[in-house]
Amino acid sequence: MLVSDFISKWRNGGDERRDAQPFFEDLCRLVGHPTPREADPEHTWFTYEFGANKANGGKGWADVWKKGFFGWEAKGTDRSLERAYEQLKMYADALQNPPLLVVCDLQTIVVHTNFTNTVKCEYRFKIEDLAQPEPRRILDAVFKNPDALRPGVTRAAITQKAAERFTSLAQSLDRRGNDPHAVSHFLNRLIFCMFAEDIGILPNKLFTKMVKSAQSDPALFERRSRELFAAMHAGGDVAFENIDWFNGGLFEDNATIGLAPDELKVLLDACELDWSDIEPSIFGTLFERGLDPGKRSQLGAHYTDPETIMKIVDPVIRAPLLAEWEAVKRELTKQLAKAAKSVSKAAQNRFNVFLERLRSFTVLDPACGSGNFLYLALRTLKDIEHHVLIEAEALGLGRQFPAIGPQNVKGIELNDYAAELARITIWIGEIQWMIQNGYGAKKQPILQPLDQIEHRDALINADGSEAEWPQCDVVVGNPPFVGDKKMLGELGEQYVAALRKCFAGRVPGGADLVCYWFEKANNAIANGKLWRAGFVATNSIRGGKNREVLKRITDSCRIFNAWSDEEWVNEGANVRVSLVSYGKQSESTHLNGSPVSQVFSDLTACSSATGIDITRAARLSENSGRCFVGYQKTGEFDVSGDIARAMLREVGNPNGRPNSDVLFPYWNGIDATRRPRDVWVIDTGTAMTEAEAAQYASPFSHLESKVRFARANSPVKDAAARRMLAETWWRLWRPRPDLRKAWMGMSRVIATPEVSKHRVFLWMPRPVAPDKNIMVTAREDDTTFGVLQSHIHEIWSLRMGTSLEDRPRYTPTTCFETFPFPEGLSPNIPAAQYATDPRAIRIAKASKILVDARDRWLNPTEWTERLPEVVPGFPDRIVAKSGHAADLKKRTLTNLYNARPPWLVNLHHELDVSVAASYGWEWPLSDDEILRRLFDLNQQRAAAQ
């Protein structure tokens, strides 16, 4: 029975005596379940008018009872369902405490859970609600699978359990030496067979019976599975059961793999699960981890929930198509009103045109993985079509059968395990939707071929030319997260070189891999080949070289929906991402769920047309050559403080020089934001030869044992880089000669961590050596320090930088070189030239007071003592006095700025007032106003360069 027929028949309810049983039998037909008289002629387990003894000793009847499933009490329309529920509760013991107690007045159905040791839960819906999938899912579970309504049990949990069963089976088959790809393909067939029988398209639990009967005879299972696969290839008979035509590519032959007895037991356990209710949006992800040996390290890790994926699917697909339909529906309403009693030909034609547009709409995921985006896109299109058909019927245009299906989605995927799982995800999702919505699975064949899920590279062809994407209306997806610095190592020098050559002038060198997908879609939109696009990227897309790609997008079209910093799961690991949807047209523009007038390329926005696009800020020549990234070691050049001091005490090097020439205290981000770790680095400079380095005996010996072999066998795939690493193995990989030149003669420099929760600056004494995650400003005056530590610079750096997860990243090019310092106090001016400037004096004083107060809090004299280093001129060591080690461990800049005590707030306020005054500004100012004024200054100075 079709849902529409049931609703039409029963929407007005009925009388209890006359209609209760006909109503219930129609429900049975609706969910595809035998009626009580058909299923249980003996009235022993599924029957009407089941006798029950009330708790108070009186006689009563359950209108319908199915043993182990439900007790059902029916009332006439508008009668009290609360009273009916009270009656059922009284009958519960005599009904053997079924898991569900259902009451109905022939217009409303209420399902009450009655599981032991669980909270009670209620599901309530009206007859008209059965037009929607969720009420039908609930009703189906009442008849077939009450456990699906058990509080706490979710489709995700069922899917997780199913994936665990098959992971165990895959690992067992791999251990026995079977080809992993053959194992994966075979298990995918078994997965689909279990789903097919539980959803009702493989008859009478045939597969489970087959597995059960072969528990003691593995050869029997192998023979019968071949017979079953052959029948599913083109249709046929197996064990006196008629098998429909499935194939679609999954059952192209009858190849199978023999299972051992213990493996057959695992398979039987898996058969006991309800596969009809697995969740397609996570199915592929979980099963790929089990079936692909390369992904098994992710087993048990979390996955991205479908609600997050819909933050792209909704604005790119659902919202614009529904907006189109609303406009068409208004036209149709007017045309039908003029036609009065009959449907006008013009209205029918207009509806048909829209329906054809909708049914020909295609979605491409050019990095489709195991298909979660494609499934949700398909489900969204089918829901839209369903919605349109129902509303059109209400207008009098006649009901039509849905036509949108797997042919409306396309994919490209490089991983062949994932590509096949993507096809299965789509097949399962399509069949579930059709059955849940009352239409039944399509047949002849049941599985449409999905050749449009292509197994290939989405960016370049083997000859280095740009790969073509198939024709489509929109593109969505989650391209691979590979940072620029990791591309050579993961993709290989030859591939990366070909990729960059192919996209030269479109994607800048230094951009992450994901940017190439963004650019390809943008190019297709610009050329009229694509309507909209929506991608996931790490949140670093907002800055640096990556942002250049978003600038190209905002120049040629518009970002109409974005989430700038969201949680995501990438290969089992939690990361921070940006979700970006863009195209030529948009009904509205939203950022982080709120309406805005424009989204800029750094994924910030203005709420009015007068807002500024700070991403247009230019690098200023007056700031160049002053802020640098610290050293990059690429090897075990670091040693503990104890080892370093032993080396520093040694004498007798062949060159007569001390080891302090090549040994220095070493800071990374932890040393800056927490407490110094007492780590040192062996630094042989930028030009020292191997023979010269060997004159420092102990440090050189350490490098020979810890660095030389590792450098010679580096996994770096770039041949030139690998060769240089090996040929200069005794030197730091990137010793930053420009930084060394800039700080020449300075006693201290300004340091800040590259990534930190709080943007703090601190003095780094020379000759401490900075790691690559320390940004160094080669200035030693308190005035420059004060400007950088001010809220004015902090706000600029937060907007101009990117972030790692939820921690802002500071970069010399975007954060420092674009920042307009107060006039006359810029980094290109020696501090001595403004030493008498009252503005500089005021900032320097506030800066020094702040730093001194922080230092006293970090290292109180009552808890610490200073120990001179073994080499004069090196900074003293600060160690805890006896009994205060635990106290001192908590004294970190991070903890200080987390707490932000009043004294710290006050000192920062004094600093901010002094810096604002140096610009000629009154304080305080809003963050937006600070950015506007700084941007104006940046543009003025850039124009004068």
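All values below come from the heavy atoms of this structure, side chains included, with hydrogens, waters and symmetry mates left out. From a predicted model like this one, the values you see are computed outputs, not experimental measurements.
Looking at heavy atoms from C-beta onward, Y123 lies in side-chain contact with T113 at the 4.5 angstrom threshold. No side-chain heavy atom of H386 sits less than 4.5 Å from a side-chain heavy atom of P133. Residues C515 and I541 have side chains in contact (heavy-atom distance under 4.5 Å, counting atoms from C-beta outward). You'll find the side chain of V536 reaches within 4.5 Å of the side chain of F481, heavy atoms only. Proximity of R224 to E227: side-chain heavy atoms (C-beta onward) are separated by under 4.5 Å at one or more points. With a 4.5 Å cut-off on side-chain heavy atoms, S540 and D512 count as touching. Counting heavy atoms from C-beta outward, P261 and Q215 have side chains that stay 4.5 Å or more apart. Inter-residue side-chain proximity for W517 and L459 is flagged as met; some heavy-atom pair is nearer than 4.5 Å.
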Q.
Between L491 and L513, does the side-chain contact (heavy atoms from CB on, under 4.5 Å) criterion hold? Intermediate values first, please.
A. CA-CA 10 Å; L491 305 177; L513 183 62; 4.0 Å; yes
- Apply salt bridge (charged side-chain N to carboxylate O under 4.0 Å, His left out) to the pair D140 and R136, showing each step before the final yes or no. CA-CA 6 Å; D140 196 68; R136 289 199 302 280; over 6 Å; no
Chi angles and distances behind the side-chain contact (heavy atoms from CB on, under 4.5 Å) call for F535, N478: CA-CA 6 Å; F535 287 122; N478 178 21; over 6 Å; no
Quiz item: For K382 and E430, what are the C-alpha separation, side-chain angles and deciding distance, and is it a salt bridge (charged side-chain N to carboxylate O under 4.0 Å, His left out)?
Solution: CA-CA 9 Å; K382 292 181 75 70; E430 162 76 3; 3.0 Å; yes
Could you go step by step and tell me if I431 and I435 meet the side-chain contact (heavy atoms from CB on, under 4.5 Å) rule? CA-CA 6 Å; I431 293 168; I435 290 175; 3.8 Å; yes
*Verdict with reasoning, I257 to V183, per side-chain contact (heavy atoms from CB on, under 4.5 Å)*: CA-CA 8 Å; I257 295 176; V183 168; 4.1 Å; yes
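Other residues, nucleotides and ligands contribute only 12 or fewer heavy atoms inside 6.0 Å of the NZ atom of K161. Heavy atoms of other residues, nucleotides or ligands lying less than 6.0 angstrom from CD of E567 number 12 at most. For E241, the CD atom counts as densely surrounded, since its 6.0 Å shell holds more than 12 non-hydrogen atoms of other residues, nucleotides or ligands.
Salt-bridge annotation for K265 and D262: absent, with no side-chain N of the basic residue lying under 4.0 Å from a carboxylate O of the acidic one. Salt-bridge formation is not detected for the pair R576/E566: no Lys NZ or Arg NE/NH1/NH2 atom is positioned less than 4.0 Å from an Asp or Glu carboxylate oxygen.
In this structure, CG in N408 is found 9.0 Å from CD in Q452, a value given to the nearest 0.5 Å. Atom CG of residue L206 and atom CD1 of residue I243 lie 5.0 Å apart, to the nearest 0.5 angstrom. Distance check, rounded to the nearest 0.5 Å: CD of Q407 to OG1 of T362 gives 10.5 Å. Rounding to the nearest 0.5 Å gives a distance of 8.0 Å between CG of L267 and CE of M210. How far OG of S276 is from CE of M194: 12.5 Å, rounded to the nearest 0.5 Å. The distance from atom OG of S578 to atom CH2 of W568, rounded to the nearest 0.5 Å, is 11.5 Å.
Under the ring-ring contact (aromatic ring centres under 6.0 Å, His included) criterion, the residue pairs touching residues 409-430 are H181-Y417, with sequence neighbours excluded. Applying the salt bridge (charged side-chain N to carboxylate O under 4.0 Å, His left out) rule to pairs touching residues 443-459 yields D244-K443, E454-R456, sequence neighbours excluded. Residue pairs that meet the salt bridge (charged side-chain N to carboxylate O under 4.0 Å, His left out) test with at least one member in residues 200-211, sequence neighbours left out, are D198-K205. Sorted by first then second residue, the ring-ring contact (aromatic ring centres under 6.0 Å, His included) pairs that include residues 207-249, not counting sequence neighbours, are F229-F251. Each ring-ring contact (aromatic ring centres under 6.0 Å, His included) pair with one or both residues in residues 448-468, not counting sequence neighbours, would appear here, but there are none.
With sequence neighbours left out, the ring-ring contact (aromatic ring centres under 6.0 Å, His included) criterion links F503 to Y516. With sequence neighbours excluded, no residue forms a salt bridge (Lys or Arg N to Asp or Glu O under 4.0 Å) with R423. Every side chain to side chain contact (heavy atoms under 4.5 Å, CB included) that R359 has, sequence neighbours left out, goes to L355, E385, L389, Q400, A403, I404. E636 meets the salt bridge (Lys or Arg N to Asp or Glu O under 4.0 Å) test with no other residue; sequence neighbours excluded. With sequence neighbours left out, the side chain to side chain contact (heavy atoms under 4.5 Å, CB included) criterion links E252 to H185, R189, N247. The side chain to side chain contact (heavy atoms under 4.5 Å, CB included) check on R226 picks up E222, N254, T256, with sequence neighbours excluded. In this structure T380 satisfies the side chain to side chain contact (heavy atoms under 4.5 Å, CB included) test together with M310, V313, I317, R318, I384, sequence neighbours excluded.
Not a single donor-acceptor pair under 3.5 Å links the side chain of K66 to the backbone N or O of K144. In this structure, N713 contributes its side chain and F709 its backbone to a donor-acceptor pair below 3.5 Å. One N or O on the side chain of E279 and one on the backbone of S281 form a donor-acceptor pair closer than 3.5 Å. For the pair W275 (side chain) and A196 (backbone), a donor-acceptor distance under 3.5 Å is absent. No donor-acceptor distance shorter than 3.5 angstrom exists from the side chain of S172 to the backbone of S168, with no hydrogens or angles considered. The closest donor-acceptor contact from the side chain of N461 to the backbone of G464 lies at 3.5 Å or more, if one exists at all. Judged by distance alone, the side chain of N114 and the main-chain N or O of P98 form a donor-acceptor pair under 3.5 Å. The closest donor-acceptor contact from the side chain of K520 to the backbone of E468 lies at 3.5 Å or more, if one exists at all.
Across all non-hydrogen atoms, the minimal contact from I201 to A441 is CG2-CB, 3.8 Å. Minimum interatomic distance between P146 and F115 (heavy atoms only, all atoms of both residues): O-CZ, 3.2 Å.
Ring geometry for F70 versus F143: interplanar angle over 60°, hence perpendicular rather than tilted (30 to 60°).
With no hydrogens or angles considered, a side-chain donor-acceptor pair links E197 and T208 at under 3.5 Å.
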